[in-house]
Amino acid sequence: MNANLKYASSELRDPVQAVAEFASMIGHEDIETILFFCSPDYDLEILGSELKKTFSCTLIGCTSSGQIGLEGFQHSGMLGLGLGRDFRATAFMIHPLIEYSAVIADMAEKIRFDSEARPNINRFGLLLVDGLSMAEERLVANLYQQIGNVPIIGGSAGDDLRFEQSFIYDGNGKFISDAAVFAVIETSSPLTTFKIQHFIPSDVELVITEADPEKRVIFEINGEPAAKVYAESLGLSVDELTPTIFSRNPLVLSFGDEPYVRSIQKWNDDFSLTCYCAIEEGLIISIGIAEDPIETFRQSFEKVNEIIPDPRVIIGCDCILRRLQFEEEGLEQPISDIMRQNNVIGFSTYGEQYNGLHVNQTFTGVAIGG
């Protein structure tokens, strides 16, 4: 970190004390924007009003299912990043999410105008969205389509795997659901966006023959009940399908040579499959094969370092399903070490955004150079 980037973290449970500790680390001098991620265990009403009272700069943040800081994975508290004068952030609130079309049209016009006015500036979009809204697909696809040549990364807000309510900070002292914040961040520093996942497509190809993308449900694969076909392709019975099986054998969709992961949440009484991402009828998918998560992660960061040597910071959105797998397999510490070595700051998400797509079991990030 340097004068233009300040990191702060607090694991104090009292929201007033946590904001005070966070503020003492981040300081106020020359900080224009703060990105933050926090535990849903806080009294969010108090936390929001303390943030509003303490900081006069722009605040962009959400609740998470764990944070990622300079010590690696952090399971409680709050952490964040202060952006100094080298950065300019414009934040757009979308609430309620059903009204996204009109808001996106307005913001797209402003973003295109700014891009044309300052063509030599580097910029990226950061999208934080209510992770229980089931609105990410339409939102990010529309955004990416309309705002022109701006790469997007993002994550869906979480609530520590309760799946009850996740929140976006509204910029004005309140945490709200059914909302998203889209921040366009500009800097003269070099930057690159990227995604990492450790699943590749297998040879087993399946066709989605009946689905409800709005509800993220697959009813039929290859003309048969979806859960039965999925189970058979793994040599299992439907009764043997568990969250662990789903997380280790996600569905993979390929666009060109790029694989994108679509995770299954559960199977239902009618043998349909509920997913964490929308999947449309007619798509050809395969069942993912896992590669070595640590090696994939390390190699991916090496590639990032070839483009942006020794990044000052990497803002990262990492799927909670990945962290659960790392915990289960005893990989949390080595993965944490790689993130620490690469100055990753971010959070564990309920889904990730990458350009125009909503994905799962993926790390999406932006590396910012000196």
Side-chain angles (χ1 to χ4, degrees), residues 35 37 60-65 89-112 115 123-159 163 165-171 175-185 193 195 211-217 253 255 260-263 265 274-280 283 315-320 346-366:
L35 308 177
F37 311 103
I60 296 158
C62 65
T63 57
S64 68
S65 282
T90 311
F92 302 91
M93 279 303 300
I94 305 169
H95 172 71
L97 288 172
I98 200 163
E99 291 176 9
Y100 72 88
S101 299
V103 180
I104 288 174
D106 286 351
M107 77 167 82
E109 199 175 322
K110 185 177 187 324
I111 292 163
R112 284 197 301 267
S115 301
R123 52 180 64 78
F124 68 94
L126 174 68
L127 178 65
L128 303 178
V129 54
D130 176 349
L132 298 172
S133 64
M134 295 176 87
E136 295 100 328
E137 288 86 359
R138 294 187 301 280
L139 188 59
V140 75
N142 270 273
L143 260 175
Y144 189 63
Q145 212 173 350
Q146 291 193 49
I147 63 173
N149 193 21
V150 179
I152 296 173
I153 64 141
S156 302
D159 68 345
F163 299 107
Q165 228 180 348
S166 58
F167 296 90
I168 302 296
Y169 182 70
D170 75 346
F175 285 86
I176 57 176
S177 295
D178 187 27
V181 59
F182 183 63
V184 179
I185 299 172
T193 55
K195 73 175 179 68
D212 183 340
E214 294 289 315
K215 292 184 176 161
R216 297 178 172 171
V217 176
L253 192 58
F255 290 113
Y260 294 90
V261 181
R262 297 282 193 271
S263 304
Q265 186 181 2
T274 298
C275 299
Y276 286 107
C277 254
I279 292 193
E280 291 166 9
L283 287 177
I315 299 165
C317 305
D318 194 35
C319 187
I320 182 59
F347 73 114
S348 295
T349 68
Y350 278 178
E352 304 73 59
Q353 281 64 255
Y354 187 70
N355 291 335
L357 290 171
H358 176 57
V359 290
N360 307 125
Q361 280 179 269
T362 300
F363 176 104
T364 64
V366 57

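Worth knowing before you read on, the calculation uses all heavy atoms, side chains too, and leaves out hydrogens, waters and symmetry mates. Since this is a predicted model, take the numbers as computed values, not measurements.
- One finds the CD1 atom of I152 at 11.0 Å from the OG1 atom of T364 (value rounded to the nearest 0.5 Å).
- A side-chain donor from one of S263 and Q361 sits under 3.5 Å from a side-chain acceptor of the other.
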**Report entry** side chain to side chain contact (heavy atoms under 4.5 Å, CB included) between F37 and L128, worked out
**Finding:** CA-CA 10 Å; F37 311 103; L128 303 178; 4.2 Å; yes
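- The distance from atom CG of L127 to atom OH of Y354, rounded to the nearest 0.5 Å, is 15.0 Å.
- Between the S65 side chain and the T349 main chain, no donor and acceptor come within less than 3.5 Å of each other.
- One distance of note links CG of N360 with OG of S156; it measures 8.5 Å at 0.5 Å rounding.
- Closest of all the heavy-atom pairs between N355 and P151 is OD1-CA, 3.4 Å.
- Side chain of R112 to main chain of N149: no donor-acceptor pair is present (N/O by atom type, distance under 3.5 Å, no hydrogens or angles).
- The closest donor-acceptor contact from the side chain of S133 to the backbone of G131 lies at 3.5 Å or more, if one exists at all.
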Report task. Under the side chain to side chain contact (heavy atoms under 4.5 Å, CB included) rule, what do T90 and I111 come out as? Steps first, then yes or no, please. Result -> CA-CA 9 Å; T90 311; I111 292 163; over 6 Å; no
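- Looking at residues two or more places apart in sequence or on another chain, you find a side chain to side chain donor-acceptor pair (under 3.5 Å) between E214 and R138.
- A distance of 15.0 Å separates OH in Y350 from SG in C317, rounded to the nearest 0.5 Å.
- Here the closest heavy-atom approach between residue A157 and residue F167 is recorded as CB-O, 3.7 Å.
- The distance from atom CG of L357 to atom SG of C277, rounded to the nearest 0.5 Å, is 8.5 Å.
- Residues R262 and V359 are in side-chain contact: their nearest non-hydrogen atoms beyond the backbone lie under 4.5 Å apart.
- A salt bridge (charged side-chain N to carboxylate O under 4.0 Å, His left out) check over residues 124-136, counting only residues at least two apart or in different chains, returns the pairs E136-R216.
- Distance CG/L253 to CG/L283: 5.5 Å, rounded to 0.5 Å.
- Under a 3.5 Å cut-off, the side chain of E352 and the backbone N or O of T362 do form a donor-acceptor pair.
- For the pair D178 and P96, the tightest heavy-atom approach, listed with the atom from each and the gap, is OD2-CB, 3.1 Å.
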Query raised in the report: Checking side chain to side chain contact (heavy atoms under 4.5 Å, CB included) for the pair F347/C62: CA distance, chi angles, key distance, verdict?
Result: CA-CA 9 Å; F347 73 114; C62 65; 3.8 Å; yes
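- Nearest heavy atoms, A211 versus E280: CB-C, 4.5 Å.
- Contact detail for A278 and P213: the closest heavy-atom pair is CB-O, 3.4 Å.
- Scanning all heavy atoms of the two residues, the minimum distance from Q165 to L132 falls at N-CD1, 3.4 Å.
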Report task. Decide side chain to side chain contact (heavy atoms under 4.5 Å, CB included) for V184 and F92; before the verdict, give the C-alpha distance in whole Å, the side-chain angles of both, and the deciding distance to 0.1 Å. Result -> CA-CA 8 Å; V184 179; F92 302 91; 4.2 Å; yes
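- Proximity of Y100 to L143: side-chain heavy atoms (C-beta onward) are nowhere separated by under 4.5 Å.
- Across D170, I176, I168, V103, a single residue satisfies side chain to side chain contact (heavy atoms under 4.5 Å, CB included) together with H95, and that is I176.
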